[in-house]
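Note sheet for the following structure.
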Amino acid sequence: MSAIAVHGLVSRRGEREVLSGIDLAFAPGKVTAIVGPNGAGKTTLLRHLAGLDAPSAGRVELGGEPLSSLGSATRGQRIAYLAQAASAYWPLRAHDVVALGRLPHGADLSRPAKSADIEAVQRALQRVDGVQFADRSIDALSQGERARMMMARALATEAAVLLADEPVASLDPAYALEAMAILRAEAARGACVIVVLHDLGLAARFADRVIVLANRVVAADGPPVVALAADVIDAAYGVGFRHILVDGVMQPVAWERRG
């Protein structure tokens, strides 16, 4: 059984259709990258998977159950969502920001934490190599360090499904590689990891599966070497790509604008 799936999903914004008839199922233990040009509906799809937006038609299922039938607490326990450019807007300790990931499990920062919550937060900090930042104010951390703490907040939920929207946006290469390695490690632990990416090189290197969205539909779906083939992404992006083999991984490089 898939961890999460969409069937006949249609998404509209006013009169404009963003996604049309999307059918996808996502397995546990895998990293799936969703790519495509700006406006293709990548974030929209992720928000539907998270239950943040209701589809105009079709349905989302979580473990075979309609997502719409589950309460918010259940959804929050089973799905962790890392929003694009996620940040904290108040000067909490980094540890307390990470602890927010335990709210779906009934945690309350105004009361002493339960042992299960303490342990989950500590594990999340360790996974992102962030223990040394735990007692610092979140607004005193660098952009990369804050991104690490926001990732830890999602990990602290210990959800079966982890959704991440552009988790490497605006990060330098070291942090970007680290973030992708963390997502791969979560999949190795059995989580269903779905990540929106603009960087096709990272998708080619770290994803088990790549879904290309373009023109409201799924333009390609398969292993990176198939989904990121030149004929597919040239048409999706309107760009001529070149492919370079690096350590056995085919890396697409945008080379010339077309049209």
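Looking at heavy atoms from C-beta onward, Val195 lies in side-chain contact with Pro167 at the 4.5 angstrom threshold. Put simply, the side chain of Leu92 does not reach to within 4.5 Å of the side chain of Ser137, judged on heavy atoms. Counting heavy atoms from C-beta outward, Leu52 and Tyr81 have side chains that approach closer than 4.5 Å. Residues Arg123 and Glu119 are in side-chain contact: their nearest non-hydrogen atoms beyond the backbone lie under 4.5 Å apart. Considering only heavy atoms from C-beta on, Ile79 comes within 4.5 Å of Leu62 through its side chain.
Shown here are the ring pair (Phe, Tyr, Trp, His ring centres under 6.0 Å) partners of Tyr237, two or more places apart in sequence or in another chain: Phe241. Qualifying side chain to side chain contact (heavy atoms under 4.5 Å, CB included) partners for Ala124, counting only residues two or more places apart in sequence or in other chains: Val98, Ala152, Leu155, Ala156. Considering only residues two or more places apart in sequence or on other chains, Thr74 meets the side chain to side chain donor-acceptor pair (under 3.5 Å) condition with none of them.
Nearest heavy-atom pair across Ala99 and Val121 is CA-CG2, 3.7 Å. Between Ala207 and Val210 the shortest heavy-atom distance is CB-CG2, 4.1 Å. In terms of heavy atoms, His7 sits closest to Ala5 at NE2-CB, 3.8 Å. Closest heavy-atom contact between Ser69 and Pro66: OG-O, 2.7 Å. Residues Val232 and Ala219 approach most closely at CG1-O, 4.5 Å, considering heavy atoms. Considering all non-hydrogen atoms of both residues, Val239 and Ala254 come closest at CG1-CB, 3.9 Å.
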Evaluation steps, side chain to side chain contact (heavy atoms under 4.5 Å, CB included), between Ile194 and Leu162: CA-CA 6 Å; Ile194 306 170; Leu162 174 57; over 6 Å; no

Salt bridge (charged side-chain N to carboxylate O under 4.0 Å, His left out) between Arg59 and Glu61, intermediate numbers included: CA-CA 7 Å; Arg59 67 189 187 279; Glu61 292 183 352; 2.9 Å; yes

Derivation and outcome, salt bridge (charged side-chain N to carboxylate O under 4.0 Å, His left out), residues Arg78 and Glu158: CA-CA 8 Å; Arg78 296 171 63 181; Glu158 298 191 327; over 6 Å; no

Verdict with reasoning, Glu178 to Arg148, per salt bridge (charged side-chain N to carboxylate O under 4.0 Å, His left out): CA-CA 9 Å; Glu178 180 181 7; Arg148 196 181 297 184; 3.3 Å; yes

CA sep, side-chain torsions, deciding dist, call: Asp165, Lys42, salt bridge (charged side-chain N to carboxylate O under 4.0 Å, His left out): CA-CA 8 Å; Asp165 190 2; Lys42 302 182 294 298; over 6 Å; no

Side chain to side chain contact (heavy atoms under 4.5 Å, CB included) between Gln126 and Gln122, intermediate numbers included: CA-CA 6 Å; Gln126 290 170 346; Gln122 188 66 17; 3.6 Å; yes

Steps toward side chain to side chain contact (heavy atoms under 4.5 Å, CB included) verdict (Val246, Arg205): CA-CA 10 Å; Val246 182; Arg205 181 175 176 185; over 6 Å; no

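Distance OG/Ser68 to CG/Leu70: 8.0 Å, rounded to 0.5 Å. Annotation: the span from Phe133 atom CZ to Leu125 atom CG amounts to 10.5 Å, rounded to 0.5 Å. Put simply, CD on Gln77 and OG1 on Thr157 are 9.5 Å apart, with the number rounded to the nearest 0.5 Å. Between the CG atom of Leu200 and the NE2 atom of His243 there is a distance of 8.5 Å, given to the nearest 0.5 Å. One finds the CD1 atom of Ile211 at 4.5 Å from the CG atom of Asp221 (value rounded to the nearest 0.5 Å). Expressed to the nearest 0.5 Å, how far OH of Tyr175 lies from CD of Glu145 amounts to 4.5 Å.
Remark: Asn215 CG is loosely packed, at most 12 non-hydrogen atoms of other residues, nucleotides or ligands lying under 6.0 Å away. Other residues, nucleotides and ligands contribute over 12 non-hydrogen atoms within 6.0 Å of the CZ atom of Arg136.
Between the Arg242 side chain and the Trp255 main chain, no donor and acceptor come within less than 3.5 Å of each other. Under a 3.5 Å cut-off, the side chain of Arg209 and the backbone N or O of Pro224 do not form any donor-acceptor pair.
Under a hydrophobic clustering in which Ile, Leu, Val, Met, Phe, Trp and Tyr are joined whenever their side-chain heavy atoms come within less than 4.5 Å, directly or via other members, Met150 and Val131 fall into the same cluster. No continuous path of ILVMFWY side-chain contacts below 4.5 Å connects Val212 to Met250, so the two sit in separate hydrophobic clusters. When the side chains of ILVMFWY residues are joined at heavy-atom separations under 4.5 Å, either directly or via intervening members, Leu202 and Val249 end up in two distinct hydrophobic clusters. Both Met151 and Leu103 are part of a single hydrophobic cluster, where members link through side-chain heavy atoms under 4.5 Å apart.
For Arg93 and Asp96, the salt-bridge test passes: some basic side-chain N is under 4.0 Å from an acidic carboxylate O.
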Side-chain donor-acceptor distances from residues 9-16 under 3.5 Å, at least two apart:
| residue | atom | partner | partner atom | Å |
| --- | --- | --- | --- | --- |
| Ser11 | OG | His48 | NE2 | 2.9 |
| Arg13 | NH2 | Thr44 | OG1 | 2.5 |

Side-chain donor-acceptor pairs of residues 18-41 under 3.5 Å, sequence neighbours excluded:
| residue | atom | partner | partner atom | Å |
| --- | --- | --- | --- | --- |
| Ser20 | OG | Glu17 | OE1 | 3.2 |
| Asp23 | OD1 | Gly8 | N | 2.8 |
| Asn38 | OD1 | His198 | NE2 | 3.4 |

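The hydrophobic cluster around Val226 extends to Val225, counting ILVMFWY residues whose side-chain heavy atoms fall within less than 4.5 Å of a member.
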